[in-house]
Amino acid sequence: MSASTVIPWLDRLYDHAVAWPGRDGRISVAEAVARWWTAPCGLGEPLSAYLDSWKLSTDALRRMCRVLDLSPHGGRRQVIARITALLGDCERLGSLLDDAPDGTLGMLDDFAWDGPVRSVNGNRFITPGTPEKWALDHGLLFRTQWDLAEMPREVALALRGPDYRGPFTPYPPDLATAEADADAVEHAMCLAAPHVLDRATALLENVDKTPLPLLKNGGVGVREIKRLARETGCAEDETRLLLEVCAVARLIAISEEAGGLTPAGRYDAWRLEEAPMRLRVLLAAWWRMERSSLRLVDGRHPAALGDDPAGETIARIRWALFAALAEIPEGRAFATLPELVQRVHWRAPLLDRELLDGCAAAVLEEARLLGLVACDALTGLGRALAPLAAAAGDESRECAPEVEHDPALAKATTHAMASARRTALFGADLTAVVTGPPSVELAALLDRAADRESQGSASVWRFGPASVRRALDGGETADTLIADLSEAGTLPQPLTYLIRDVARRHGEVTVSSVGCIVQGSDPTLLAEIAAHRKLAKLGLRLLAPTVLAGAAPAAVTLAALREAGYAPVPVDDTGEITIRREPPGGRLILLPGGRVAELEHPGPRWSPRRTRASTPGGCWSAAARWRPRPSPARHGPSSGAWRPGSRRPSSRCWASSWTARYAR
């Protein structure tokens with residue numbers, strides 16, 4: 001390699017304060033380079049780092065000198081200098097290897113060219129006569145762990161020979177390109193950008209309704225990913241990607257109270273922003289995300305939002321890929337992925353090559369879903385994002401204002417979202433067709449009142465009684481729904497009739513949940529209980545003159561009624577009640593799930609009296625409509641259930657999940 005080829009690159013390194021010449025003519029590099037490039041050209045640590053370590057005593061150094069036929073006399077530094085001079089000299093090291101056991105040279109060549117760290121069999125390093133034991137005694141290898149060994153830098157260079165020169169490729173490798181239809185690239189971007197914003201909004205709304213549970217070891221499981229994909233109409237890969245992007249954008253966060261992922265504080269402000277700004281927030285989050293959502297590890301996707309040991313390196317691979325793609329002229333696309341990876345490796349040689357090979361295809365697929373890459377070329381969005389690597393920051397940042405408010409990216413997102421359709425074609429067959437990417441607002445409106453049947457260049461929704469009922473359940477009325485849909489297009493008469501017919505029948509029957517049922521034979525008494533101010537917290541309401549429904553559980557209702565001066569008794573699932581004569585020091589213990597606490601008391605056993613109300617047609621028959629059929633497993637002949645009697649109290653409390661039993 002001629003000096004005229006090398007000097008311009010040395011000047012460039014000097015201008016960036018990466019490397020500079022010393023007074024002795026040697027080139028020094030910045031410490032950060034050594035931290036990032038731990039094994040330059042496959043070379044390990046200097047020999048002095050092993051010999052001068054606290055792990056190697058002076059006596060051990062003197063023994064190594066005797067093995068190498070060197071003088072062991074002098075101080076520690078003198079001994080280290082003698083060993084380094086011998087092992088770093090090609091001729092002297094060659095003479096030393098003439099007496100090595102068979103197989104030593106091949107093993108050392110593997111370390112010299114494919115090292116510096118390799119897995120080994122630790123037992124062979126303590127077995128006399130083996131090549132590993134011989135290399136260890138002569139200072140050619142150093143075992144850092146039982147099954148790992150390293151070769152010092154000077155030894156590897158000596159084995160490579162005096163003619164070895166480090167690889168230097170001043171010119172990038174060839175990257176074949178193919179013609180890319182600019183209109184097709186632009187059209188794909190305008191389809192993908194509104195779609196990704198629409199699906200991200202649907203995902204966040206779904207998480208807002210149902211918190212997303214996490215696995216015990218962290219992350220979101222495959223089952224929840226499938227459920228989200230099914231309920232939001234996304235593909236599983238798209239769901240996985242958007243979930244992680246929204247988490248990095250701080251639109252969702254872990255809520256200990258909800259027991260999973262819920263919308264974060266930023267979500268409320270985000271959904272009020274204009275569509276281009278919302279899209280930029282998502283793109284900025286993906287740009288700094290320290291994981292690849294679609295990368296396969298051991299043939300499968302890891303848990304979404306789980307820890308990725310690659311971390312920041314994946315973000316750097318993403319930036320390097322876009323930098324290489326940005327060098328391709330507009331109207332052209334890369335021809336093969338291996339050539340693109342080779343160009344990226346040339347641009348960023350410190351990146352892990354194996355990780356780069358495994359991530360490149362996944363990163364490009366994520367970029368395609370986000371509208372940044374189409375037809376193997378950068379779109380307008382991708383070209384606006386590519387120069388912003390320095391402003392991306394890391395994943396720990398809540399936002400990246402330099403990216404989200406970048407003028408070029410703002411212009412590109414506005415253009416990408418401008419083609420979103422805000423109108424639909426409503427047909428007499430109860431369908432709505434959007435010829436193009438629907439806007440987020442239009443898609444949300446149609447998703448509320450209709451079922452999406454297809455999406456792509458044209459999206460189709462179909463209205464039906466169930467979908468219209470879903471919109472009415474969400475708070476819409478027939479008039480407001482017709483008015484909102486009319487703003488998107490002209491409604492045919494069958495659709496208007498459908499909405500009004502479903503609205504007319506909506507709410508004919510209501511369903512509500514209760515914590516327990518309170519019954520009494522005296523309607524006046526139950527009316528008094530329902531109107532009692534101290535019992536308002538129970539949420540009691542009259543279902544019939546002799547039946548009250550309460551929102552509180554049975555145990556809370558029992559305690560509150562007794563505190564207010566009433567005398568209720570519990571009823572089990574079979575309708576049997578117990579009047580208990582309370583012995584001195586006795587207590588009534590109610591436990592969930594039908595469990596009973598047995599309390600031991602001194603003195604004679606107390607026998608409770610058991611009665612059941614039997615007046616036909618009274619409140620007992622009203623409660624029977626609320627009571628489930630008794631389970632033979634719990635109330636069969638062997639279960640010890642009380643047999644009914646003939647007495648009925650003034651009021652009683654019933655709950656299907658509670659049973660009570662009085663112990664002696």
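- Residue pairs meeting the side chain to side chain donor-acceptor pair (under 3.5 Å) criterion with at least one partner in residues 317-334, sequence neighbours excluded, are Thr177-Arg332, Glu327-Arg343, Glu327-Arg347.
- Looking only at distances, no side-chain donor or acceptor of Trp270 sits under 3.5 Å from a matching main-chain atom of Val281.
- Between the side chain of Thr480 and the backbone N or O of Glu476 there is no donor-acceptor pair closer than 3.5 Å.
- In this structure, Met189 CE and Cys375 SG are separated by 12.0 Å, a value rounded to the nearest 0.5 Å.
- Taking 4.5 Å as the limit, some side-chain heavy atom of Asp110 sits within range of a side-chain heavy atom of Arg118.
- When every heavy atom of Phe111 is checked against every heavy atom of Ala149, the shortest pair comes out as CE2-O, 3.3 Å.
- The distance from the CG atom of Leu388 to the CZ atom of Arg288 is 12.5 Å, given to the nearest 0.5 Å.
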**Prompt:** After noting the C-alpha distance and the side-chain angles of Arg291 and Glu395, does the key distance pass the salt bridge (charged side-chain N to carboxylate O under 4.0 Å, His left out) rule?
**Reply:** CA-CA 9 Å; Arg291 62 176 59 82; Glu395 196 178 78; 3.0 Å; yes
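- For the pair Leu325 and Leu340, the minimum side-chain heavy-atom distance is below 4.5 Å.
- Counting heavy atoms from C-beta outward, Leu241 and Val196 have side chains that stay 4.5 Å or more apart.
- Summarising the geometry of Val344 relative to Ala320, their closest heavy-atom pair is CG1-CB, 3.7 Å, with the distance given to 0.1 Å.
- Distance check: Leu203 CG to Asp208 CG gives 11.5 Å after rounding to the nearest 0.5 Å.
- Between the side chains of Ser439 and Arg422, no donor-acceptor pair is found at a separation under 3.5 Å.
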**Message:** Run Leu485 and Leu446 through side chain to side chain contact (heavy atoms under 4.5 Å, CB included) and show every step you take.
**Reply:** CA-CA 8 Å; Leu485 293 174; Leu446 294 176; 4.0 Å; yes
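- Between Leu409 and Leu381 there is a side-chain heavy-atom pair separated by less than 4.5 Å.
- Contacts of Trp461 classified as side chain to side chain donor-acceptor pair (under 3.5 Å), with partners at least two apart in sequence or in another chain: Asp447.
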**Message:** Using the rule given for salt bridge (charged side-chain N to carboxylate O under 4.0 Å, His left out), can you reason through Glu231 versus Lys226, listing the C-alpha separation, both sets of side-chain angles and the distance that settles it, and then say yes or no?
**Reply:** CA-CA 9 Å; Glu231 294 180 0; Lys226 292 180 179 294; over 6 Å; no
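- Formation of a donor-acceptor pair under 3.5 Å by the Thr210 side chain with backbone atoms of Val207 is not found in this model.
- In this structure, the side chain of Ser467 does not engage the main chain of Phe463 through any donor-acceptor pair within 3.5 Å.
- Of all the heavy atoms in Thr262 and Ser255, the pair that sits closest is OG1-CB, 3.4 Å.
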**Request:** With salt bridge (charged side-chain N to carboxylate O under 4.0 Å, His left out) as the test, would you mind laying out the steps for Asp268 and Arg271 before giving the verdict?
**Result:** CA-CA 6 Å; Asp268 292 330; Arg271 62 180 178 177; 3.3 Å; yes
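- The OG1 atom of Thr413 sits 11.0 Å away from the CD atom of Glu274 when rounded to the nearest 0.5 Å.
- Using a 4.5 Å heavy-atom cutoff, the side chains of Val117 and Leu148 are in contact.
- Side chain of Glu339 to main chain of Leu175: no donor-acceptor pair is present (N/O by atom type, distance under 3.5 Å, no hydrogens or angles).
- Here the shortest heavy-atom pairing between Leu355 and Ala310 reads CD2-CB, 3.7 Å.
- Formation of a donor-acceptor pair under 3.5 Å by the Thr232 side chain with backbone atoms of Ala202 is not found in this model.
- Scanning both residues, Asp198 and Ala443, for their nearest heavy atoms gives OD1-CB, 3.3 Å.
- Using a 4.0 Å cut-off between charged side-chain N and carboxylate O, Arg250 and Glu398 make no salt bridge.
- Considering only heavy atoms from C-beta on, Leu356 comes within 4.5 Å of Val341 through its side chain.
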**Prompt:** Going through the distances and angles, do Ser293 and His301 end up as a side chain to side chain contact (heavy atoms under 4.5 Å, CB included)?
**Reply:** CA-CA 8 Å; Ser293 303; His301 291 295; over 6 Å; no
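- Heavy-atom neighbours of Ile254 CD1 from other residues, nucleotides or ligands within 6.0 Å: at or below the threshold of 12.
- Atoms CG and NZ, from Leu204 and Lys209 in turn, are 12.5 Å apart once rounded to the nearest 0.5 Å.
- Between Ile252 and Leu212, every side-chain heavy-atom pair lies at or beyond the 4.5 Å cut-off.
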**Item:** side chain to side chain contact (heavy atoms under 4.5 Å, CB included) between Arg143 and Glu150, worked out
**Value:** CA-CA 6 Å; Arg143 194 176 53 167; Glu150 300 180 9; over 6 Å; no
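- Taking the side chain as every heavy atom from C-beta outward, Arg199 and Leu369 never approach each other to under 4.5 Å.
- By the 4.0 Å N-to-carboxylate-O rule, Arg353 lies close enough to Asp357 to be salt-bridged with it.
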**Message:** Show, in sequence, the C-alpha distance, side-chain angles and deciding distance for Leu261 and Val220, and conclude whether the side chain to side chain contact (heavy atoms under 4.5 Å, CB included) test is met.
**Reply:** CA-CA 9 Å; Leu261 291 171; Val220 180; 4.0 Å; yes
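- Considering every non-hydrogen atom in both Ala180 and Ala377, the closest pair reads CB-CB, 4.4 Å.
- A search for side chain to side chain donor-acceptor pair (under 3.5 Å) contacts involving Glu366 returns Trp286, Ser292, not counting sequence neighbours.
- Between the side chain of Arg280 and the backbone N or O of Glu404, at least one donor-acceptor pair lies under 3.5 Å.
- A donor-acceptor pair under 3.5 Å is absent between the side-chain atoms of Arg421 and the main chain of Val434, judged by distance alone.
- In this structure, Glu236 does not pair ionically with Arg240, as no charged nitrogen and carboxylate oxygen lie closer than 4.0 Å.
- Without hydrogens or angle criteria, Ser53 side chain to Ala49 main chain gives no donor-acceptor distance under 3.5 Å.
- Open room surrounds CG on Asp174; 12 or fewer heavy atoms of other groups in view lie less than 6.0 Å from it.
- Residues Trp287 and Phe322 bring their aromatic ring centres within 6.0 Å.
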**Request:** Show your working on salt bridge (charged side-chain N to carboxylate O under 4.0 Å, His left out) between Glu441 and Arg278 and close with a plain yes or no.
**Result:** CA-CA 13 Å; Glu441 295 76 13; Arg278 280 180 281 166; 3.3 Å; yes
**Prompt:** Is there a side-chain hydrogen bond (donor to acceptor under 3.5 Å, both in side chains) between Asp181 and His187 once you walk through the steps?
**Reply:** CA-CA 10 Å; Asp181 188 347; His187 179 67; over 6 Å; no
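- The closest donor-acceptor contact from the side chain of Arg295 to the backbone of Ala362 lies at 3.5 Å or more, if one exists at all.
- Rounded to the nearest 0.5 angstrom, Asn206 CG and Thr239 OG1 are separated by 9.5 Å.
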